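Everything numeric here is computed off the predicted structure, so don't read it as measured data. Numbers restart at 1 for each chain; the letters A, B, ... are given by sequence-line order, proteins then strands.
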Amino acid sequence: MELERELDRELNPQQLEAVKYTEGPLIVFAGAGSGKTKVLTYRIAHLLKLGVSPFQIMAVTFTNRAATEMRERVQQLVGDGQANDVWVRTFHSMAVRILRREERYLSYDRNFLIYDSADQITVMKQCIAELRVDDRKFRPRGVLAEISSFKNELVTPKDYHGMARNVREETIADLYSLYQKKLLQHNAMDFDDLLVQTVELFRSEPLVLEHYQRRFQYIMVDEYQDTNHVQYVLVHQLAGDKRNLCVVGDDDQSIYGWRGADIRNILNFERDFPDVYVIKLEQNYRSTQCILAVANALISHNKGRKPKELWTSNDVGDPVSCYQALDEKDEARFVAAEISDLVEREEALYRDCAVFYRTHAQSRVIEEEFIRSGIPYRIYGGVRFYERKEIKDILAYLRLVANPADEVSLRRVINEPRRGIGDTTIARAEEFASSAGRSLAAVLEHPEEIPNLGNRAVNALKGFFQMINSWRKLDDAVSVAGLVERILGETGYLSALETQKTVEAETRIENLNEFLGVVQQYDSEGIGGTLVDFLEGLALVTDIDNYEPGEDAVVLMTIHGAKGMEFPMVFLTGLEEGLFPHVHSLEENEVEEERRLCYVAITRAKQKLYLSWAIRRFIYGNSEYKLPSRFFKEIPQEYLCPVVPDRFAGHGGHGDGSAVPSGGGQGDGSGVPATGSQAGHNAGHAIKESAAGEKEAAAVTAAPSQTSFQVGETVEHKKFGKGVVMETKTGPGGDMEIYVSFETAGFKHLLAKYAPIKKA
DNA sequence: AATTCTGCGTTTTTT
DNA sequence: ACGCAGAATT
């Protein structure tokens, strides 16, 4: 009743149709900013109003952010009680949920962990080493990328063994098999496995599939253009014969081809379901006419797309500003100055502004400039908090507690902090494990059985596992935060950092405290609460999911990260040939995907769009000259407005036109780093010399006790040749240190015990 | 055994 | 420029 009125008021005819067409297959081609999320949320609300149980509705998204947003908006429409029971999840979290629930059918243990890409690389490196494969030809990242595409296509190791056509492919097949074997042994799945295992579960257990098919009467898929083959199969399995499947997407926004997304999934939907009902949403509610005209013009250069053209009843708006920067620093200065102006003139808040770039590497220069100009900002993506060493260490401990088979974590922490379990010990255990046909983890738990192991190593191992096992017993009794505190204390990890007293160690302690805060937060929320749940949450969440719209800060992110968002002011940077479109995409017909990426970036802007490129850019350590992106040429010039960089004229003091800022900019750009780096070098040498000097001074007072070398003695070094001992002293370990002046090699500081020297 | 040094390949995008 | 792996150094 109330909802009905709201539907009529809030939705345009096409949107309304999409909301009300609930039975049978439906595809909604939803252009950028056409109210796609609105349709999905109202559709869910409408289904609930019709009396459909919330348990019977599933909405699948690609990001947690999209899932959260959708869930919240449904909540606003219908109230908490019902909204919470609707399955609004990402593909991966949906898969995990099903797998955990149906663990009895899996060959994995119920506490299986999710391996992230760093873990995957660790495992793959082991596989490569174990098969004695040439690690120049087969690099972990590359092999994993291939394996990932097999998984996306549901090609098993066995399948691929049959398909391999040459030695290289056979090797890949072997690596694939071994990799899967190891993951199973470690009781871990990678991201792709989550989906593959679910599909396989449904294939081998028709009754289980039937259960989910019966349960989920209405299925909606967001961003359908980004589904890959596994996801496609999964969706079709779930939809079953009932076919109450509604997919929403936009072929022009398909930007995950590199991850196996198959644009044909959306283009061929009408073939898969001949009776499909098709709705197109072409009215844009987000952007100005200018921005939209630019976007339309650009995307029209792609072939093989569904013809469509967005329109809007919004204002014409300002033309799109273009800036030709001298280099990446100049570009950053332009962005910073423009944002400062906007905020000063009260045309925008910081949080209204977003800066997009093609690659993460571009963010640093912009960040530096923002710091200099005092602009609050927040970078999403990039080096994540959870990728720092200390965080990975504590996580590895937690993972090992949750999952004894997790060899990747075991190796990581077994000697961290140092407890006398070195490479030799591990190597011996490995040897024994493979000869006995047992896993490394299993063998290490009973060190007395390992041949050739010294008492010290045996005791160290026993101590280590006693510690781990004591935490395992605590697992359910104590909160995750309690566990973290115990681990940090009992391992001596924290005290080891505390004694270091370096700035770096301080930062690590701070990071660990921050992590503890995250854990305490999790504990206090009291949902689920188990260690496994906690670890799973971390594995499936990314930085970009933590976007806080309330914070007044400029947002910096890659264009991929920006998908699904909108900002009043958008700065799209680095529009250069080779960067955007990226070199890696120039060969094949991947330029179209780059163009779609550019289209996505442009259509994030509501009010004002800025495009910039740099004539010269520092890349891979040297300065390269760049050409403007081809995308500029694909936009009609009448919508563009070049920005004359007069704001920098003050630096140079010349009076006119374009020569001035170039002079001023170059002076700034090249002068600072040149003197800076030179000073850095000199300072480096100076510090080394003075340090040596201090040691010399100290050496005078320290009397050499059990000396085998004396000051003034002539010695011969294996590599440095003849020299004269200038000073001797006793080092911290009681070993003799000597300072020798060699004839050819110069002055050296050596440790008598190790250095290959003898009296001449 | 652990730390520092050196040479090499490398970066597109992420659940 | 940077991070990593293996070598050199302490």
Side-chain angles (χ1 to χ4, degrees), chain A residues 60-67 89-96 114-117 120-121 125 129 135-136 139-142 145 148 151-152 189-195 223 226-228 230-231 254-261 356-362 364-365 380-384 387 389 415 418 420-425 539-545 557-563 574 578-586 590 593-594 596-597 600-601 618-623 673 677 688 717-720 731-733 735-738 748-757:
Chain A
V60 196
T61 65
F62 274 81
T63 64
N64 291 297
R65 172 160 36 81
R89 296 181 158 267
T90 64
F91 270 103
H92 291 86
S93 96
M94 170 195 71
V96 177
I114 300 162
Y115 271 5
D116 65 19
S117 49
Q120 288 180 276
I121 288 173
K125 277 181 189 160
D135 60 358
R136 313 241 133 222
R139 289 194 304 288
R141 275 184 156 277
S148 175
K151 289 184 179 178
N152 287 162
M189 293 192 202
D190 64 21
F191 286 120
D192 299 322
D193 284 334
L194 298 174
L195 305 174
E223 310 274 15
D226 286 329
T227 49
N228 58 32
V230 207
Q231 288 160 337
S254 164
I255 57 173
Y256 283 102
W258 53 275
R259 216 168 68 189
F356 301 151
Y357 32 78
R358 177 70 239 264
T359 68
H360 277 304
Q362 293 164 252
R364 227 188 65 206
V365 183
Y380 293 91
V383 184
R384 289 192 228 160
E387 277 163 19
K389 182 188 180 304
N415 204 26
R418 266 165 247 147
I421 308 174
D423 293 344
T424 328
T425 306
L540 294 175
V541 165
T542 66
D543 248 19
I544 286 167
D545 298 325
M557 54 173 66
T558 64
I559 304 163
H560 283 88
K563 186 152 132 177
L579 184 61
F580 195 19
H582 199 274
V583 250
H584 285 46
S585 68
L586 288 181
E590 288 166 15
E593 179 150 316
E594 297 283 306
R596 290 194 291 269
L597 197 52
V600 167
F618 219 64
I619 211 157
Y620 296 145
N622 47 20
S623 195
S677 74
K688 263 185 198 161
H717 187 278
K718 212 165 143 191
K719 194 174 158 195
F720 301 139
D735 301 318
M736 171 177 270
E737 294 174 21
I738 57 175
K748 296 279 173 191
H749 176 199
L750 305 165
L751 209 57
K753 196 170 137 193
Y754 296 111
I757 47 170

Taking 4.0 Å as the cut-off, does a side-chain nitrogen or oxygen of A:Thr424 come that near to OP1 or OP2 on B:dA1? yes

Tell me whether the side-chain N/O atoms of A:Arg139 come closer than 4.0 Å to OP1 or OP2 in B:dT10. yes

A:Thr359 has its side chain closest, among B:dT15, B:dT13, C:dA1, to B:dT13

Tell me which nucleotide among B:dT13, B:dT15, C:dC2 gets nearest to the side chain of A:Trp258. B:dT13

How is A:Arg596 classified with respect to the nucleic acid when contacts are heavy atoms under 4.0 Å: base, sugar-phosphate, or nothing? nothing

Starting the side chain at C-beta, find the nucleotide from C:dC4, B:dT15, B:dT11 nearest to A:Lys125. C:dC4

All salt bridge (charged side-chain N to carboxylate O under 4.0 Å, His left out) counterparts of A:Asp190, not counting sequence neighbours: A:Lys151

Expressed in angstrom and rounded to an integer, what is the separation of A:Leu597 atom CG from B:dT14 atom C1'? 13 Å

Just the rounded figure in Å: distance from C1' of B:dT14 to CD1 of A:Ile121. 13 Å

Ignoring hydrogens and angles, state whether a donor on the side chain of A:Ser117 or A:Gln120 is under 3.5 Å from an acceptor on the partner side chain. no

Applying the side-chain contact (heavy atoms from CB on, under 4.5 Å) test to A:Leu540, which of A:Thr90, A:Leu194, A:Asp116 qualifies? A:Leu194

Measure CG/A:Asn64 against P/B:dT14 and give the value in whole Å, please. 14 Å

For A:Lys125, check salt bridge (charged side-chain N to carboxylate O under 4.0 Å, His left out) against everything at least two apart and list the hits. none

Integer angstrom distance from the C1' of B:dT11 to that of C:dG6: 23 Å

Taking the side chain of A:Phe618 as its heavy atoms from C-beta onward, which of C:dA1, B:dT15, B:dT11 lies nearest to it? C:dA1

State the OH-OG1 distance between A:Tyr357 and A:Thr558, to the nearest 0.5 angstrom. 6.5 Å

Between B:dT14, B:dT11, C:dC4, which nucleotide has the shortest distance from any of its atoms to the side chain of A:His584? B:dT11

Under 4.0 Å between a side-chain N/O of A:His360 and OP1 or OP2 of B:dT14, yes or no? yes

Less than 5.5 Å between centroids and less than 30° between ring planes, does A:Phe91 satisfy that with B:dT15? no

Separation of B:dT15 P from A:Asp193 CG (nearest whole Å): 18 Å

Give the nucleotide from the list C:dA5, B:dT14, B:dT15 with an atom nearest to the side chain of A:Phe191. B:dT15

Give the rounded distance in Å between these two atoms: OH of A:Tyr380 and P of B:dT13. 19 Å

Selection from B:dT13, B:dT15, C:dA5 that lies nearest to any side-chain heavy atom of A:Thr63: B:dT15

Between A:Arg141 and A:Tyr256, just flag the one whose closest nucleotide in DNA chain B comes earlier from the 5' side. A:Arg141

